[in-house]
Number of protein chains: 2
Amino acid sequence: MFNDSSSRIVDDLRAWIAAAAPSAQLPSTRRLVTEYAASPVTVQKALRALVAEGLIESRPGVGSFVRAPRAVRPQDYGWQTAALGTPRHVLPSVSGAMRIAPPDAQALHSGYPEADLLPERLIRAALIRAARGSTATSRPPSAGIDDLRNWFATELAAQTPAGLTAPTANDVVIVPGSQSGLTSVFRALMAPGRPLLIESPTYWGAILAAHQSGVRLVPVSSDAEGPDPEGLDRSFRETGARAFYAQPNYANPTGVQWSPERAAAVVDVVRAHGAFLVEDDWAHDFGIDTDPRPVAAQDSEGHVVYIRSLTKSMSPAIRIGAVIARGPARERFLADRSAESLYVSGLLQHAALEVLTDPGWKTHLRRLRGQLRDRRDLLVASLREHAPHLGVAHVPAGGLHLWAQLPDNTDTDRLVRDCEARGVYVASGHEWFPTEPSGPHLRLNFTGPNSHGFPSAARTIATALTLQL
Amino acid sequence: MFNDSSSRIVDDLRAWIAAAAPSAQLPSTRRLVTEYAASPVTVQKALRALVAEGLIESRPGVGSFVRAPRAVRPQDYGWQTAALGTPRHVLPSVSGAMRIAPPDAQALHSGYPEADLLPERLIRAALIRAARGSTATSRPPSAGIDDLRNWFATELAAQTPAGLTAPTANDVVIVPGSQSGLTSVFRALMAPGRPLLIESPTYWGAILAAHQSGVRLVPVSSDAEGPDPEGLDRSFRETGARAFYAQPNYANPTGVQWSPERAAAVVDVVRAHGAFLVEDDWAHDFGIDTDPRPVAAQDSEGHVVYIRSLTKSMSPAIRIGAVIARGPARERFLADRSAESLYVSGLLQHAALEVLTDPGWKTHLRRLRGQLRDRRDLLVASLREHAPHLGVAHVPAGGLHLWAQLPDNTDTDRLVRDCEARGVYVASGHEWFPTEPSGPHLRLNFTGPNSHGFPSAARTIATALTLQL
């Protein structure tokens, strides 16, 4: 944020302030300009930074002064305990996968691709164009801007067979990222306390969203082709559930892609129970060996509520996704989104649309496919060579992660700590299970920084594992 | 989004497509370039627009084709009715105050200032700088970026008396607009079904957020100095409520600012009941005759949960606000925000910080104060002269609106429609009441476009009223 000469002034003044008396007056701007041979703009910038830090206060026309230190007394907020009561679920404030690792670490824990895998030039250009346009100061409709809604509808319509009625822009609601889509879908489709069928293991953010909305999670078993339709049918029958949450393409964490036959069988079961399939197509842009096959494209009766996000493939700063739903479900969803945040920044919507309709976007996705393949293959090979105790049963045909089984009785939390102490960040698989884990796992992201370090990271994991043998 | 020559090509091709056979091939890019004397970039842009509209599809290396029309059958989503069940509250999908009026209308209905009252140059420059920085492709911490949290803490600390412990950056959570702050505060502080005390009338968005979170609203009466402390005490006692939502500065819709004595009395009642005051300081930047006096500055025991937003004073595109809370309440709030959306776009956070720390921001706020005064006074004078049947009992010392009482038995919905038919958008006061309205009202925003038209708008309202006499 600051150029070098301004940060130097800030650093020096910080030291000066630390030694100064409370309320002491700082050297005048003119004097600082002379002393540092800096421009008045640079000096003002330095002073503003110190004001923002709360170290000084500026009295216009008089000068800048060291802020008097405040009384800081330890506070006891014990009275809040009774006022707050016991929550339905104690929500963790930060998930393990969201930890921010130091830049030199080998970060295999997070759910996001590093900036090198994003179309940076496109993103910056789109944001700058949006900043210059009218969307920088105006307010879009609650459901989102028409062109962007249309883009999402067209994407799904392109995969809809000719005999089915394809979704239109009217069925689309723009959301500020898929997590917001998930929480609103769960709130909109189900009352608190109602059962929600869910794959196990599955995305921790979906488990978190379900806990927040107060629904009751019912895990369903899956194999390498997708969820077991008979088991799913039984769970619907036993619980009276009306919704099933799943990731049919490159599921997080297992990487499984449903076979077309399995997808058809699952939709049949969902339809038979008059229920919703909440399809989280989080990895739509991350096919490697196959292309994604949205289940929603096979449904025109409103059984599939479809969530798609651009956060991971475009940028975490352009936090844009879409929910496609039909009929009353779409109405109820939109009402929840309106209550939750009224509308989504039009600037970000326009920037997303600019990127999506630029020919460079398709080029980027093609190049990304090769990059994902190289990284996935390198991490798989590194683990097989250097950490043979990790079981990577399934090499995913898309997505960003591997799901690795650990030897029975591994203390996963200790393993995570021991790896972290050696500069390798990994995520314990526990957070991906809605109930007790079926066994110890790690989820390993192959799109973080320093991919050349995968072999060394695999050795570090192996070393940390041997500490437990 | 398009320059003129590209939109002309789009318009012409749209007409051509309407008349063409399904799957017909469009003229080649080369031919269009010649025909329109346009650049290939312009022609490509036009074709991309038609692809985005779903009218054509482009086969790389072959050409562009009219999309075959799809089967569009009327769908019956009746099965969803049973699956969705009855909601706790039927949430309206769009509030009357959020209607988007045509640009030439006299829009007195909305809650937002027009773009002319925003610091446009500052906003664009800040967004462009943020787009060029690292925040365009990175992910910030869940609670927000440190410098921005610090800015919000410092603002409130500056109004905190010396004897009290002032809030710090740690107490601040950045939110994507105050509506998101409200819904999470209500969810975090109260279980569904619990009572929430609330002023009446009060901000419709707060009523909506409370309905969404499933809490039970208990209205509390107010006068020109703020809520009645005795009535508030009685309501806490009778209902066992542990929270009170209010807007102590320039309340929406009434414009009331609590007197310092009343604020102290209210905090005493809240403290005596071991409860929270949820202070929505929405109009902090909109003082006209007085300065805002945040009640949170008088509390260091964590009783006041403070919400401040920049959406209205900076830009609806930079949708940034902050919640300041202490102790376990802050933890629970942050956990709800993380579950709801993981984090807030770092780009928007950095852009907001750039604007706030620019000297132009203070200059803008000073100029704005005068603009608000002129507009408020013009609307008050126009109503008094041309629509004397409207009772504007209180000329607010700040904020964006007037609250006007209508003659008894006015059919407000009809009045709103009759005004709209004459190009004047007004908001029925009904939405600001958590229960039955105390009488018919209009809320009139004096910061919309075309303020020179206030006298004529007042005459239009008077004319529409006479239709009901």
Name the option with the most non-hydrogen atom pairs under 4.5 Å to chain A; the candidates are [options].
{"options": "B/S315, B/P328, B/G274", "answer": "B/P328"}
{"options": "B/D358, B/I123, B/T86, B/I318", "answer": "B/D358"}
{"options": "B/A125, B/G133, B/S110", "answer": "B/G133"}
{"options": "B/T137, B/D146, B/D76, B/D336", "answer": "B/T137"}
{"options": "B/R194, B/R132, B/R187, B/E155", "answer": "B/R187"}
{"options": "B/S178, B/P359, B/G177", "answer": "B/P359"}

Any heavy-atom pair between the side chains of [Y] and [X] that's under 4.5 Å?
{"X": "B/R271", "Y": "B/E301", "answer": "yes"}
{"X": "A/I320", "Y": "A/Q349", "answer": "yes"}
{"X": "B/H303", "Y": "A/W79", "answer": "yes"}
{"X": "A/L55", "Y": "A/R67", "answer": "no"}

Exercise. Is it the side chain or the backbone of B/T135 that comes within 4.5 Å of chain A heavy atoms, both, or neither?
Worked result: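 Contact with chain A: backbone only.
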
For this session: Please name all residues satisfying side-chain hydrogen bond (donor to acceptor under 3.5 Å, both in side chains) with A/R124, sequence neighbours left out, ordered by chain then number.
Result: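 Counting only residues at least two positions away or on another chain, A/R124 forms a side-chain hydrogen bond (donor to acceptor under 3.5 Å, both in side chains) with A/E120.
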
Exercise. Can you name the residues that form a side-chain hydrogen bond (donor to acceptor under 3.5 Å, both in side chains) with A/S180, not counting sequence neighbours?
Worked result: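 Result, side-chain hydrogen bond (donor to acceptor under 3.5 Å, both in side chains) vs A/S180: none returned.
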
For this session: Apply salt bridge (Lys or Arg N to Asp or Glu O under 4.0 Å) to the pair A/E340 and B/R337, showing each step before the final yes or no.
Result: CA-CA 11 Å; A/E340 182 61 37; B/R337 281 317 305 160; 3.4 Å; yes

For this session: Look up atom CE in A/M98 and atom OH in A/Y112, then write down how far apart they are to the nearest 0.5 Å.
Result: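 Reported value, rounded in 0.5 Å steps: 4.5 Å.
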
I'd like to verify something: which residue of [options] has the highest number of heavy-atom pairs under 4.5 Å with chain B?
{"options": "A/T168, A/L208, A/L189, A/L84", "answer": "A/L84"}
{"options": "A/A82, A/G181, A/A188, A/A209", "answer": "A/A82"}
{"options": "A/A115, A/G205, A/S138", "answer": "A/S138"}
{"options": "A/V175, A/T154, A/N150", "answer": "A/N150"}
{"options": "A/G346, A/P87, A/S213", "answer": "A/P87"}
{"options": "A/H211, A/E57, A/Q179", "answer": "A/Q179"}

Give, as side chain, backbone, both or neither, the part of [X] having an atom under 4.5 angstrom from any heavy atom of chain B.
{"X": "A/A136", "answer": "both"}
{"X": "A/L348", "answer": "side chain"}
{"X": "A/P141", "answer": "both"}
{"X": "A/H273", "answer": "neither"}

Problem set entry | Geometric cation-pi criterion, A/R319 with B/Y343: 6.0 Å, 45° |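 That pair qualifies as a cation-pi contact.
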
For this session: Taking atom types as modelled, find out whether B/R48 and A/T357 have a side-chain donor-acceptor pair closer than 3.5 angstrom.
Result: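 Checked: B/R48/A/T357 side chains show no N/O donor-acceptor pair below 3.5 Å.
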
Problem set entry | Worked verdict on A/D171 versus A/R330 for salt bridge (Lys or Arg N to Asp or Glu O under 4.0 Å) | CA-CA 7 Å; A/D171 302 318; A/R330 183 256 180 203; 5.7 Å; no

